[in-house]
Amino acid sequence: MSDTKHTPGPWKTRSDIDNPRLILDENNVNVAEVFGEGSIRRSNVALIAASPDLLEAADRVLDGWDHPPMPDGAMGRLRAAITKARGGA
């Protein structure tokens, strides 16, 4: 795993409101604000809040993969997604 250059997780949303737009770190500091309407915004907030966990899980899969290649180029897509999440091309 490479060095973390983003705000470390876990990230969360406010659970006391129905349609959150803020993503907070573990100290309740604002990490991001999401705009949009209704269910689309809720879905985007949930996806962004899960990002540190998803990145860590993807890293663990790559670090521990010792089976035959993943089907349909999945390993390459996983590596590309990790690179993109870390600010690469």
Quiz prompt | Residues in side-chain hydrogen bond (donor to acceptor under 3.5 Å, both in side chains) contact with N27, at least two apart in sequence or another chain | solution = none

Quiz item: Which other residues end up in the same hydrophobic cluster as L54, if Ile, Leu, Val, Met, Phe, Trp and Tyr are linked when side-chain heavy atoms come under 4.5 Å apart?
Solution: L47

Quiz item: Can you list the other members of the hydrophobic cluster that holds L24, where links are side-chain heavy atoms under 4.5 angstrom apart?
Solution: L22

Quiz item: Taking only residues two or more places apart in sequence, or in another chain, which ones meet A58 in a side chain to side chain contact (heavy atoms under 4.5 Å, CB included)?
Solution: L78, I82

Self-check item: For the student: nearest non-hydrogen atoms of P52 and G9, plus distance
Solution: CB-CA, 3.9 Å

Quiz prompt | Criterion salt bridge (Lys or Arg N to Asp or Glu O under 4.0 Å) on D59 and R86, from CA distance to verdict | solution = CA-CA 12 Å; D59 270 331; R86 291 205 171 102; 2.4 Å; yes

Practice problem: Report the hydrophobic cluster partners of I48, with the cluster defined as I, L, V, M, F, W, Y residues connected by side-chain heavy atoms closer than 4.5 angstrom, directly or transitively. | Solution: W11, I23, V31, V34, V45

Practice problem: Would you give the length of the straight line joining atom CD of E33 to atom CZ of R41, rounded to the nearest 0.5 angstrom? | Solution: 8.5 Å

Self-check item: Spacing of L55 atom CG and H6 atom NE2 [to the nearest 0.5 Å]
Solution: 5.0 Å

Quiz prompt | Closest non-hydrogen atom pair, F35 against R21 | solution = CD2-NH1, 3.0 Å

Quiz item: Rounded to the nearest 0.5 Å, how far does CD of E37 lie from CZ of R42?
Solution: 10.5 Å

